[in-house]
Amino acid sequence: MALQGLYQLDIQRAPSDVDTAEMITSFLAEAELTGDPADYARHLTAGAWAQRDRYDQMIAEASDHWELSRMAVVDRNILRLALYELLDQPDVPARVVIDEAIELGREFGDAETPHFINGVLDAIWKHHPACRIARGEPDASSAPPGNHDRGE
């Protein structure tokens with residue numbers, strides 16, 4: 001639901017201060033999602049959208065030869081969602097975040113999306129100081145969460 005909300009916000013070029021909860025209300029109702037799962041979807045959507053400029057900069061730095069505006073909308077928003085969880089939801093293990101992003105890419109992207117998502121997130125995880133800080137790992141030699149390329 002959060003990805004669907006982010007996709008819609010991106011397509012509409014919504015401002016940062018848009019009411020994201022209102023934006024995804026119809027998606028949640030259609031999916032009959034209520035309670036904690038619906039609240040979490042609202043939380044993810046709001047957080048990822050509010051921080052998108054920060055995440056877009058990180059994505060641009062990690063994705064050689066790809067301008068953010070040329071990326072598929074779904075790819076861009078899967079990355080934003082994953083970065084929100086990596087950086088701002090430290091209780092969610094990095095391996096889980098990256099695996100879920102790859103799965104979202106498999107389900108909603110094209111054939112190359114899982115590879116692209118894995119590559120960009122892996123580069124950010126390994127090289128961006130914000131990831132180490134968010135995980136309480138200030139040492140630059142901290143190991144990445146593992147290789148997530150499954151030979152797709």
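Reckoned from all heavy atoms, side chains included, excluding hydrogens, waters and symmetry mates.
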ask   = Does Glu32 have any side-chain contact (heavy atoms from CB on, under 4.5 Å) partners at least two apart in sequence or in another chain, and if so, which?
value = none

task = Name all residues meeting the side-chain contact (heavy atoms from CB on, under 4.5 Å) criterion together with Phe108; count only those two or more places apart in sequence or in a different chain, and write none if there are none.
result = Leu3, Val74, Leu104

task = Answer yes or no: are there more than 12 heavy-atom neighbours, outside Asp53 itself, under 6.0 Å from its atom CG?
result = yes

ask   = Between Met23 and Leu9, is a side-chain contact (heavy atoms from CB on, under 4.5 Å) present by the stated rule, with each step listed?
value = CA-CA 8 Å; Met23 173 65 69; Leu9 290 161; 3.6 Å; yes

message = Set out, in order, the CA-CA distance, both residues' side-chain angles and the distance that settles side-chain contact (heavy atoms from CB on, under 4.5 Å) for Glu100 and Leu81, then state yes or no.
response = CA-CA 10 Å; Glu100 288 297 317; Leu81 187 58; over 6 Å; no

ask   = Would you call Asp99 and Arg95 a salt bridge, taking side-chain N to carboxylate O under 4.0 Å as the test?
value = no

Taking atom [atom1] of [X] and atom [atom2] of [Y], what is their separation to the nearest 0.5 Å?
{"X": "Met1", "Y": "Leu44", "atom1": "CE", "atom2": "CG", "answer": "12.0 Å"}
{"X": "Tyr7", "Y": "Thr45", "atom1": "OH", "atom2": "OG1", "answer": "15.0 Å"}
{"X": "Ile78", "Y": "Glu103", "atom1": "CD1", "atom2": "CD", "answer": "10.5 Å"}
{"X": "Glu85", "Y": "Asp91", "atom1": "CD", "atom2": "CG", "answer": "9.0 Å"}
{"X": "Leu86", "Y": "Leu79", "atom1": "CG", "atom2": "CG", "answer": "10.0 Å"}
{"X": "Tyr40", "Y": "Leu33", "atom1": "OH", "atom2": "CG", "answer": "13.0 Å"}

[Y] and [X], any side-chain heavy atoms less than 4.5 Å apart:
{"X": "Ile24", "Y": "Arg42", "answer": "yes"}
{"X": "Phe27", "Y": "Gln8", "answer": "yes"}
{"X": "Asp56", "Y": "Met71", "answer": "no"}
{"X": "Ile98", "Y": "Asp122", "answer": "no"}

key: side-chain contact (heavy atoms from CB on, under 4.5 Å) assessment of Val73 paired with Ile11   = CA-CA 8 Å; Val73 177; Ile11 292 294; 4.0 Å; yes

query = Just checking, is any N or O donor in the side chain of Asn77 or Tyr55 under 3.5 Å from an acceptor N or O on the other one?
reply = no

key: salt bridge (Lys or Arg N to Asp or Glu O under 4.0 Å) against Asp10, all qualifying residues, sequence neighbours excluded   =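 With sequence neighbours excluded, Asp10 shows a salt bridge (Lys or Arg N to Asp or Glu O under 4.0 Å) to Arg76, Arg80, given in chain and number order.
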
note = Across all chains, not counting sequence neighbours, the side-chain hydrogen bond (donor to acceptor under 3.5 Å, both in side chains) partners of Gln57 are Glu61

key: His43: ring pair (Phe, Tyr, Trp, His ring centres under 6.0 Å) partners, not counting sequence neighbours   =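 Once residues adjacent in sequence are excluded, the partners of His43 under the ring pair (Phe, Tyr, Trp, His ring centres under 6.0 Å) criterion are Tyr84.
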
request  = Evaluate the side-chain contact (heavy atoms from CB on, under 4.5 Å) criterion for residues Asp88 and Gln51: first the C-alpha distance (whole Å), next the side-chain angles of each, then the deciding distance (0.1 Å), finally the verdict.
outcome  = CA-CA 10 Å; Asp88 297 304; Gln51 295 292 324; 4.3 Å; yes

query = Looking at Asp75, Leu121, Leu68, which one forms a side-chain contact (heavy atoms from CB on, under 4.5 Å) with Ile59?
reply = Leu68

Could you give the side-chain donor-acceptor pairs of residues 12-22 under 3.5 Å, partners two or more places apart or in another chain?
from	atom 1	to	atom 2	distance (Å)
Ser16	OG	Arg52	NH1	3.0
Asp19	OD1	Ala21	N	3.3
Asp19	OD1	Glu22	N	3.2

Closest non-hydrogen atom pair, Ala82 against Val97 = O-CG1, 3.4 Å

